[in-house]
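Here's the structure, in structure tokens; my notes come after.
We count ligands from 1, going down the list as the structure has it; atoms in each ligand are counted the same way.
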Amino acid sequence: MEHIRLATRESALALWQTEHVAARLREAHPGLEVELVPMTTRGDQVLDQPLAEIGGKGLFLKELEVAMLEGRADAAVHSLKDVPMELEGPFELAAVLERADPFDAFVSNRFAALEELPFGARVGTSSLRRQALLRAHRPDLALLDLRGNVNTRLAKLDAGDYDAIVLACAGLERLGLGARIRERLQAPRFIPAAAQGAVAVEIRAGDEATRALFAPLDHEATRLCTRAERAMTRLLGGSCRVPIAAYATISKDRISLEGLVGDAKSGQTVRGYASGPLSEPEKLGEQVADMLVARGADALLP
Ligand SMILES: NCc1[nH]cc(CCC(=O)O)c1CC(=O)O
């Protein structure tokens, strides 16, 4: 193969991530011609409704998958966080790149940390997981919906619509906006969404030539951690409609997984934790999912 076309969303973050994949590909295969094929998705178009309400899995994937099926693209680059826990149709993941900062960022023009917000402050986020975690720590806050790409969200904060907003550190840093992070909301206090901070490459299932091109970009530790996180989330019926958090780390030859199920309205949370061998990340995900259910998570799930 001398030429490869990468489907991408048109947001600044998506373009950065796809340019990053393109650069890594050119580095791994000198002489390979890499072309970007930008497009918009339904998730980018419908901005007046919370994602949890638009529903439909893979809101950010469909148009990119159609482009692959119609032969207009050979691969699609996604934030793995936005990829459904189970890929639908004839697709597979060819690579999961090394994860950037997996945590959420507290961003504010007036306050240096979540704990410094005054009683009843207005915080913007439309992620049910972030709402549940914010409620759990600060039941007094007024949580307001906030949609749109990273720059749109920052513009709404700057316009004074919110006292603070919460979004992914990885997205801010990739866009050169790391200086806007006032506090990193780290685990175990704040657990991220499955695969937050990881970029993945999707291809047509069985396309071995394309899969081989991406093999050098795959990062084993990130792949193992995100497999455990995604298995746990999938077993709990996870989508954007439920506040589910999952975060795995590797130390030596063990993988550890922290899981959480919450309720965005009440701020109630159930937590679970386990560790296991590197060879069975899905089994670890299943163990933590079972633990969460045994501790009452099903009462919080729809
Ligand atoms: N849901 C949108 C989305 N998908 C991935 C990221 C950030 C980058 C990443 O997690 O890899 C974001 C923005 C955000 O959550 O603030």
Side-chain angles (χ1 to χ4, degrees), residues 8-21 40-47 49-61 64 76-85 93 95-107 123-131 133-134 145-157 162 164-178 180-187 190-202 219 222-223 225-226 229-230 233 238-248:
T8 178
R9 290 167 56 200
E10 281 168 333
S11 73
L13 178 58
L15 288 171
W16 186 97
Q17 292 177 169
T18 308
E19 288 290 2
H20 174 69
V21 167
T40 50
T41 66
R42 211 160 84 81
D44 299 302
Q45 280 159 2
V46 187
L47 290 174
Q49 284 175 60
L51 281 181
E53 276 165 33
I54 312 172
K57 287 184 188 167
L59 222 43
F60 294 111
L61 273 80
L64 280 62
V77 178
H78 308 290
S79 290
L80 184 51
K81 183 170 80 160
D82 298 333
V83 175
M85 301 305 137
L93 295 184
V96 177
L97 279 72
E98 184 171 9
R99 171 135 83 175
D101 187 320
F103 297 118
D104 286 324
F106 173 87
V107 178
V123 181
T125 172
S126 36
S127 142
L128 294 177
R129 176 187 60 81
R130 290 174 183 146
Q131 289 177 7
L133 289 164
L134 286 164
D145 210 56
L146 171 59
R147 280 283 324 277
N149 63 43
V150 174
N151 285 304
T152 310
R153 292 189 224 179
L154 290 171
K156 288 182 180 171
L157 170 72
Y162 310 92
I165 63 176
V166 176
L167 61 182
C169 288
L172 288 168
E173 282 171 348
R174 287 174 180 150
L175 294 176
L177 297 166
R180 304 235 20 189
I181 301 172
R182 303 298 296 274
E183 182 189 13
R184 281 169 210 272
L185 302 169
Q186 286 167 318
F190 241 77
I191 305 180
Q196 184 159 305
V199 171
V201 179
E202 183 185 26
H219 187 258
T222 303
R223 163 89 70 161
C225 289
T226 55
E229 294 162 7
R230 284 168 58 80
T233 305
S239 68
C240 303
R241 290 160 181 271
V242 235
I244 301 181
Y247 179 53

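Residues passing the side chain to side chain contact (heavy atoms under 4.5 Å, CB included) test with E173 are D101, I181, R184, sequence neighbours excluded.
Between K81, Q196, E173, it is K81 that holds the heavy atom closest to atom 14 (C) of ligand 1.
Of the N or O atoms in A168, one or more lie within a sub-3.5 Å distance of an N or O in ligand 1.
Taking every heavy atom of A198 and a limit of under 4.0 angstrom, the matching atoms of ligand 1 come to 11 (O). Those atoms of ligand 1 that come under 4.0 Å of a heavy atom in G197, given as number and element, are 9 (C), 10 (O), 11 (O). With ligand atoms numbered from 1 in the order given, ligand 1 contributes 16 (O) to contacts under 4.0 Å with heavy atoms of L167.
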* CA sep, side-chain torsions, deciding dist, call: V83, E202, side-chain contact (heavy atoms from CB on, under 4.5 Å) -> CA-CA 9 Å; V83 175; E202 183 185 26; 5.9 Å; no

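The part of R130 lying near ligand 1 is the side chain, judged by heavy-atom distances below 4.0 Å. Contacts of A193 with ligand 1, taken as heavy-atom pairs under 4.0 Å, are absent altogether.
Not a single heavy atom of S127 lies less than 4.0 angstrom from ligand 1.
Side-chain atoms of T8 and E19, non-hydrogen and from C-beta on, never get closer than 4.5 Å to each other.
Applying side-chain contact (heavy atoms from CB on, under 4.5 Å) to I165 and the options V123, L154, T125 leaves one that passes, L154.
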